[in-house]
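Every value quoted in this text rests on a predicted model; they were computed, and no experiment measured them.
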Amino acid sequence: MPKEIPTRYDHTKEPDIYARWEAGGAFVPSGKGEPYSIVIPPPNVTGDLHLGHALTYGIQDTIARHQRRLGKDVLVLPGMDHAAIAVQALVEKKIQKEKGLSRSQIGREKFLEEVWVWIKHYMPRMETSLKRFGLSADWSRFRFTMDEHSKLAVRTAFVRLYEKGLIYKSEFIINWDPKMQTTISDDEIEYIEEATSFYTFKFGPFEISTARPETKFGDKYIVMHPRDKRYAKYKEGDTFECEWINGKITATIIKDEAVDPEFGTGVMTITPWHDKTDFEIATRHKLDKIQVIDQFGKLLPIAGEFAGRKIDEARKDIAQKLKDKGLLVKVDESYRHRVAVSYRGGGKIEPQILPQWFMKATAVKEAAIKAVKSGEIKFTPKNLEKLYFHWLKNLHDWCISRQLWWGHEIPVWYCVGTDKGRCLPECREPIVSIEPPKSCPHCGSRDLEQDPDVLDTWFSSGLWPFSTLGWPNEEAPDLKRYFPTSFLETAPEIIFFWVARMIMLSEALTGQVPFRHVYFHGFVLDAKGEKMSKSKGNVMDPMVMIDKYGSDALRMSLLGGNSPGTPQRYSEQKIIKYRNFATKVWNASRYVAEATANQLSAVSNQPKNAAFESQDENSERSADSRKPKAESWVLPSILDHTEEKFFEKLAKLEAKNEKNFTDLKLSVALEELYEFFWHDFADQFLEYEKTVIRESDNKVRAKQAKSCLLVALKRQLTILSDFAPFLVESINKEMLS
RNA sequence: GGAUCCUUAGCUCAGCUGGUUAGAGCGCUACAUUCACACUGUAGAGGUCAGAAGUUCGAAUCUUCUAGGAUCCACCA
């Protein structure tokens with residue numbers, strides 16, 4: 001038996017294999033057969049990729065390779081996301097740390113240069129990672145959500161939606177982050193509990209409770225539930241004189257069902273400018289809205305002697321003043337107040353009213369519900385459909401503008417008109433246009449200013465499945481051939497941020513669904529079942545694992561235990577299991593290759609040190625002589641009982657595998673193959689044929705056994721190539737071809 | 001408060017249009033060892049499928065309830 005083939009699969013050659021594939025154009029769509037397209041979820045350019053990325057791209061690539069193997073015209077389109085707020089926050093942190101400068105100190109233009117430095121640093125690293133995951137993407141079609149084409153798509157989408165009346169500008173209560181000086185979407189907020197004093201004050205004939213006396217300067221409405229018997233004698237609109245923080249005020253009675261009669265005293269005053277519920281009540285009843293706190297979290301002149309002070313530190317003094325005036329009833333010190341904070345920047349949210357751009361939910365949500373209800377889009381697992389419907393039903397308008405610098409500029413201009421000084425009233429209307437207007441259509445002034453805000457990241461992400469394929473050019477060949485896309489793989493946690501919005505925007509702009517099938521993987525937890533996060537220090541770097549065990553081992557370990565929608569506990573042990581499997585496959589192949597080579601060529605007089613690991617031509621040639629001859633590839637027409645049984649079982653495995661791919665049970669498909677290869681093939685069938693080969697004096701019988709092994713191996717490797725492409729490629733190249 | 005999901009061997013998980021003795025990997029025990037592979041092989045121990053009730057000829061699988069756990073959404077003046 002020649003000793004030239006090493007007993008271990010050498011995974012360090014995986015990058016070379018990828019380079020060969022790429023150079024050979026293996027991932028460029030063939031253009032022949034039924035189209036099958038996957039536009040990958042673009043990873044945020046926030047840094048290096050994590051285990052969840054390895055999982056999602058592993059699943060996508062396994063599916064893509066399978067479809068390619070079935071003869072389809074497969075497109076895997078790669079890309080990355082500019083992640084407006086996330087990247088801006090990271091770059092701000094970086095320049096603060098490195099230069100001690102804040103964003104406003106450095107200025108918008110310079111800041112964006114810093115962002116591009118960041119992007120150019122991380123993008124190539126991330127591309128390398130995706131390649132090491134084995135992602136069989138066509139890199140010539142690579143897209144970034146901030147490239148020129150994406151910008152055009154975003155502007156076009158904005159203008160078209162505006163023209164359809166689906167985008168509008170309105171004063172609205174928004175989540176303002178005084179630290180980042182920006183609005184934050186509801187989805188980007190998390191709540192923390194804070195121990196705080198909970199005060200009860202006299203307010204005219206009523207008692208009201210609050211954790212935030214500093215917001216109460218403008219309160220002049222007192223609200224109660226319309227059916228609360230205790231307050232039945234008060235009528236909506238009744239007014240009364242009332243001593244309050246800075247003197248006497250006139251308060252008005254309001255009745256609204258938003259008040260919970262069970263909570264506290266059952267009455268409350270409202271602060272519409274700084275509280276969402278209060279804003280809604282005030283809007284319903286057409287009440288005044290008064291600003292008390294400025295954008296930096298400081299009190300305005302309405303606060304009298306407290307004006308200019310930070311809200312948090314003024315709170316106790318304000319409470320003290322109310323106490324001195326005899327208005328304090330009691331203080332509950334055990335109260336835990338829920339505080340909203342931005343999970344990106346970490347600032348405490350202070351709601352404010354600001355003009356913002358919105359996208360209407362109502363007009364598109366019916367189409368989005370129908371797309372899934374009708375089965376035009378399928379979800380795996382199916383139960384997430386319920387979640388999706390539930391969310392859409394309660395959907396409110398989406399605030400799409402952000403007071404950030406990094407992101408898509410809003411294609412809206414305003415006439416400033418200082419050059420001619422003859423602006424008309426109409427000049428105040430926004431000019432919404434795909435290309436920058438040269439002059440104001442009303443007064444002709446060339447002095448125009450673009451809206452300083454940028455768009456929420458998810459707006460451009462929502463266009464991703466079609467903007468990448470050439471939209472808004474309806475005639476783009478990729479758009480015509482590959483849209484709607486076939487398959488979307490993502491995490492269940494972004495079903496609303498992203499999946500639902502892609503469906504809505506796609507329906508609104510293209511009139512089609514963006515994809516046919518959505519597969520949600522389960523997210524990866526650590527061995528203790530906790531979420532992996534940088535702050536906990538329990539993250540596992542996929543690149544380190546690939547260096548240690550190989551890309552295929554990592555992929556199989558991630559796919560192996562992952563059921564859609566169900567969280568998966570993960571540890572290095574699982575990678576070791578599949579690394580061992582790779583070694584097993586390697587060695588079984590090694591035996592088969594050598595046995596079949598020996599049968600037909602009496603070579604093996606090669607020098608013992610023939611360096612098969614080196615790439616020189618000698619080793620290539622001697623390797624060739626060892627490879628099986630063509631006739632060994634055909635399954636013999638005569639089989640004995642054991643062989644017949646084995647091939648029946650193999651055929652069953654192949655059928656089950658195909659079914660599992662159809663049902664998207666990748667984990668089951670892989671585990672069945674693992675079982676079959678290791679135990680049915682290597683432990684039993686291979687051992688059986690080995691004995692036949694050794695003990696049979698009939699050359700024809702031995703040859704039959706060898707052919708059986710070769711055919712069986714080849715068929716299993718074909719299935720395995722979806723899951724372990726590098727391993728199978730190495731085996732094919734070094735032993736079989 | 002609303003919703004979704006989970007609970008199967010020591011650990012991680014399969015198994016679910018209900019049907020022979022409930023499976024795998026890791027771990028554990030004993031044995032084997034030049035013959036593809038110790039990142040190995042052979043043999044084995046280990047489970048009243050969270051608990052209770054119901055439907056059924058038959059339930060890990062379907063229904064209801066109970067207990068424990070996870071996640072998402074809303075609200076908390």
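- Along RNA chain B, the nucleotide closest to Ala588(A) and the one closest to Trp678(A) are compared, and the more 5′ of them pairs with Ala588(A).
- Rounding to whole angstrom units, CD of residue Glu572(A) and P of C26(B) are separated by 16 Å.
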- Item | Derivation of the ring pair (Phe, Tyr, Trp, His ring centres under 6.0 Å) call for Tyr578(A) and Tyr549(A) | CA-CA 9 Å; Tyr578(A) 282 100; Tyr549(A) 302 110; over 10 Å; no
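- Atom CZ in Arg8(A) sits about 13 Å away from atom C1' in A36(B), given to the nearest Å.
- Checked against C39(B), A36(B), C72(B), the side chain of Thr583(A) finds its nearest nucleotide in C39(B).
- Glu687(A) contributes a side-chain N or O that forms a donor-acceptor pair with the base of A36(B) under 3.5 Å.
- Heavy atoms of Thr277(A) sit under 4.0 angstrom from primed sugar atoms or phosphate atoms, though from no base atom.
- Spacing of C1' atoms, C65(B) relative to U55(B), comes out at 15 Å, to the nearest Å.
- Across A22(B) and G47(B), the matching P atoms stand 12 Å from one another, rounded to whole Å.
- Separating the CE atom of Met556(A) from the P atom of A14(B) is a distance of 19 Å, rounded to the nearest angstrom.
- Listed pair His679(A) / G25(B) meets the phosphate criterion, a side-chain N or O lying under 4.0 Å from OP1 or OP2.
- Cation-pi check for Lys649(A) over Phe676(A) is not met; the charged atom does not lie both under 6.0 angstrom from the ring centroid and within 45 degrees of its normal.
- Glu493(A) places its CD atom 15 Å from the C1' atom of C5(B), with the value rounded to the nearest Å.
- Of the side-chain N and O atoms in Lys574(A), none sit less than 4.0 angstrom from OP1 or OP2 of U12(B).
- Taking Phe379(A) as the reference, Tyr388(A), Phe520(A) meet the ring pair (Phe, Tyr, Trp, His ring centres under 6.0 Å) condition, with sequence neighbours excluded.
- For C57(B) and G18(B), the C1' atoms lie 12 Å apart once the distance is rounded to whole Å.
- Under the 30°/60° scheme for interplanar angles, the aromatic rings of Trp244(A) and Phe201(A) are found to stand perpendicular.
- Classified by interplanar angle (parallel below 30°, tilted 30° to 60°, perpendicular above 60°), the ring pair Trp586(A)/Tyr9(A) is tilted.
- Heavy atoms of Val223(A) sit nowhere under 4.0 angstrom from any nucleic acid atom.
- Comparing G25(B), U42(B), A36(B) against the side chain of Tyr674(A) picks out G25(B) as the nearest.
- Within 4.0 Å (heavy atoms only), Leu686(A) reaches at least one base atom of the nucleic acid.
- Atom CG of Asp278(A) and atom P of C75(B) are 12 Å apart (whole Å).
- Pairing analysis of RNA chain B (Watson-Crick: purine N1 to pyrimidine N3 plus N6-O4 or O6-N4; G-U wobble: N1-O2 and O6-N3; both under 3.5 Å) yields stems of 3 or more pairs at B:1-7 with B:67-73, B:10-13 with B:23-26, B:28-32 with B:40-44, B:50-54 with B:62-66.
- Checking G25(B), C39(B), A77(B) against every side-chain atom of Asn580(A), the shortest atom distance belongs to C39(B).
- Distance noted for atom P between U7(B) and C13(B): 10 Å (whole Å).
- Residue Glu675(A) has its side chain nearest to G25(B) when only C39(B), C75(B), G25(B) are considered.
- Here Asp552(A) pairs with nothing under the salt bridge (charged side-chain N to carboxylate O under 4.0 Å, His left out) rule; sequence neighbours left out.
- The distance from atom CZ of Arg590(A) to atom P of C39(B) is 14 Å, rounded to the nearest whole Å.
- With sequence neighbours left out, the ring pair (Phe, Tyr, Trp, His ring centres under 6.0 Å) criterion links Tyr570(A) to no other residue.
- The gap from the C1' atom of G15(B) to that of A24(B) amounts to 10 Å, rounded to the nearest Å.
- Of the listed nucleotides (A36(B), A3(B), A77(B)), A36(B) has the atom at the smallest distance from the side chain of Lys690(A).
- Here Ser667(A) pairs with Glu671(A) under the side-chain contact (heavy atoms from CB on, under 4.5 Å) rule; sequence neighbours left out.
- Relative to the side chain of Lys584(A), the nucleotides G25(B), C39(B), A36(B) differ in distance, and A36(B) lies closest.
- Set against G25(B), U40(B), U12(B), the side chain of Arg569(A) has U12(B) as its closest nucleotide.
- Using atom C1' as the reference point in both A9(B) and G54(B), the two lie 29 Å apart (nearest Å).
- When the P atom is used for both U21(B) and C49(B), the distance is 15 Å, rounded to whole Å.
- Taking atom CH2 of Trp586(A) as the reference point, atom P of U40(B) lies 17 Å away to the nearest angstrom.
- Within the nucleic acid shown, Phe203(A) has no heavy atom closer than 4.0 Å to any nucleic acid atom.
- Between Arg579(A) and the phosphate of C39(B), there is no side-chain N or O to OP1/OP2 separation shorter than 4.0 Å.
- The nearest whole Å value for the distance from the CZ atom in Arg694(A) to the C1' atom in U34(B) is 13 Å.
- With sequence neighbours excluded, no residue satisfies salt bridge (charged side-chain N to carboxylate O under 4.0 Å, His left out) with Lys316(A).
- Of the candidates C39(B), U40(B), C26(B), C26(B) carries the atom nearest the Gln573(A) side chain, counting heavy atoms from C-beta on.
- When distances run from any side-chain atom of Asp683(A) to the nucleotides A36(B), U4(B), U42(B), the shortest one goes to U42(B).
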- Item | Evaluation steps, salt bridge (Lys or Arg N to Asp or Glu O under 4.0 Å), between Arg212(A) and Glu350(A) | CA-CA 12 Å; Arg212(A) 305 203 54 195; Glu350(A) 289 296 339; 3.0 Å; yes
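- Position along RNA chain B of the nearest nucleotide to Lys665(A) versus Phe581(A) favours Lys665(A) as the more 5'-ward residue.
- Nucleotides G41(B) and C26(B) place their P atoms 9 Å apart, quoted to the nearest Å.
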